[in-house]
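Remember, it's a predicted structure, so these values are computed and weren't measured experimentally. All values below were derived from every heavy atom in this structure, side-chain atoms included, with hydrogens, water molecules and symmetry-related copies excluded. Each ligand, and each atom within it, is numbered from 1 in the order the structure gives.
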Amino acid sequence: MALLMEHQFRQLSADRQVETRPFLDAVSYLPLFFDCLGPTIFAPIKVDLIGNITKIKAVYDTNPGRYKTLQQLLEAEKEMCGSEWPRVGATLALMWLKRSLKFIQIFLQSLVDGEKDQSNPNLMRVNITKGYDVALKRYHGWFVQQLFKAALYAAPYKSDFLKALSKGRDVKEEECLEKIRKFLINFSANIDAVYDIYSRMNADLDYKV
Ligand code: EIS
């Protein structure tokens, strides 16, 4: 929890523009989130996520003034890349990054909403599967979907996951969930705003990996 609460996302202003720099600062802590699920088996996911963030940051650093907001960044690439866009550069990296963020969002929301397998309340398979189904499944072919099903069995117990999120401190479940609830307010607003950019600019692609 400490992990999430110490690196909150910014509250959006009235125009709902997402500023690139603070967004990148906040997402740079999220790969650690996958360590809390299990550092070894989920390492490839973490690598993918870090790759997305690194790519967006590399583009941003070439001209921070011009790419002040994520929308400006996409608009600039659209103008520069012609028919290759949106399957290029930071636009492609953010397209995938937003799906991983959405996965985290739906998974955490389901936890705080108390959705659980009544016969195994300390398992998180219901919550993880919901995140996956909403955010990622349709972009994965048969093989990756099978990997997901296998990986689900390596997911930790809820109590261990919450403890890892709290940096090893034994915090009461309800206290943890309350902090996640607070974290989700700005986090979800940022993700929704990024999804809106992709739908407004017709920048999302439907291919499967
Ligand atoms: C994108 O990745 C890149 O992110 C993007 C660019 O290269 C683009 C080109 O098409 O591809 O292929 C990736 C996709 N990312 C697309 C899949 C990675 C999944 C890792 C599979 C490795 C297997 C072994 C580990 C076992 C875990 C399996 C999980 C499978 C989903 C139980 C909890 C599971 C949680 C899973 C949720 C998070 C998954 C996030 C994956 C995102 C994804 O689908 S660019 O790179 O533009 O920056 O260069």
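- Using a 4.0 Å heavy-atom cutoff, F42 is listed among the residues neighbouring ligand 1.
- Ligand-side atoms of ligand 1 in range of L92: 47 (O), range being under 4.0 angstrom from any heavy atom.
- Less than 4.0 angstrom separates some heavy atom of N52 from each of these atoms of ligand 1: 3 (C), 4 (O), 5 (C), 45 (S), 46 (O), 48 (O).
- The heavy atom nearest to atom 30 (C) of ligand 1, out of those in F148, F34, W96, is found in F148.
- Look at R99 and you'll find every heavy atom at least 4.0 Å from all atoms of ligand 1.
- Protein heavy atom nearest atom 24 (C) of ligand 1, with residue, atom name and distance: P44 CG, 3.9 Å.
- Under a 4.0 Å criterion applied to the non-hydrogen atoms of Y207, ligand 1 contributes the atoms 8 (C), 9 (C), 10 (O).
- When the heavy atoms of V88, L147, I41 are ranked by distance to atom 25 (C) of ligand 1, first place goes to I41.
- No heavy atom of M95 sits closer than 4.0 Å to any atom of ligand 1.
- Looking at atom 13 (C) of ligand 1, its nearest protein heavy atom turns out to be D48 OD1, 4.0 Å.
- Among Y132, F187, F161, the single residue meeting the ring pair (Phe, Tyr, Trp, His ring centres under 6.0 Å) criterion with F107 is F161.
- Residue-ligand proximity, I128 to ligand 1, at heavy-atom distances under 4.0 Å covers atoms 32 (C), 33 (C).
- For a threshold of 3.5 Å applied to N or O pairs, the pair formed by K55 and ligand 1 contains at least one separation below that value.
- The contact set between ligand 1 and A151, taken as ligand atoms under 4.0 Å from a residue heavy atom, comprises 27 (C), 28 (C), 32 (C).
- For S100, the heavy-atom gap to ligand 1 drops under 4.0 angstrom.
- With F103, F143, F107, Y153 as candidates, the residue nearest to atom 35 (C) of ligand 1 on a non-hydrogen basis is F103.
- Proximity to A93 (heavy-atom distance under 4.0 Å) selects the following atoms of ligand 1: 47 (O), 48 (O).
- The closest protein non-hydrogen atom to atom 44 (O) of ligand 1 is H140 NE2, 2.6 Å.
- With distances taken over non-hydrogen atoms, the option nearest atom 38 (C) of ligand 1 out of I45, L37, L94, V209 is I45.
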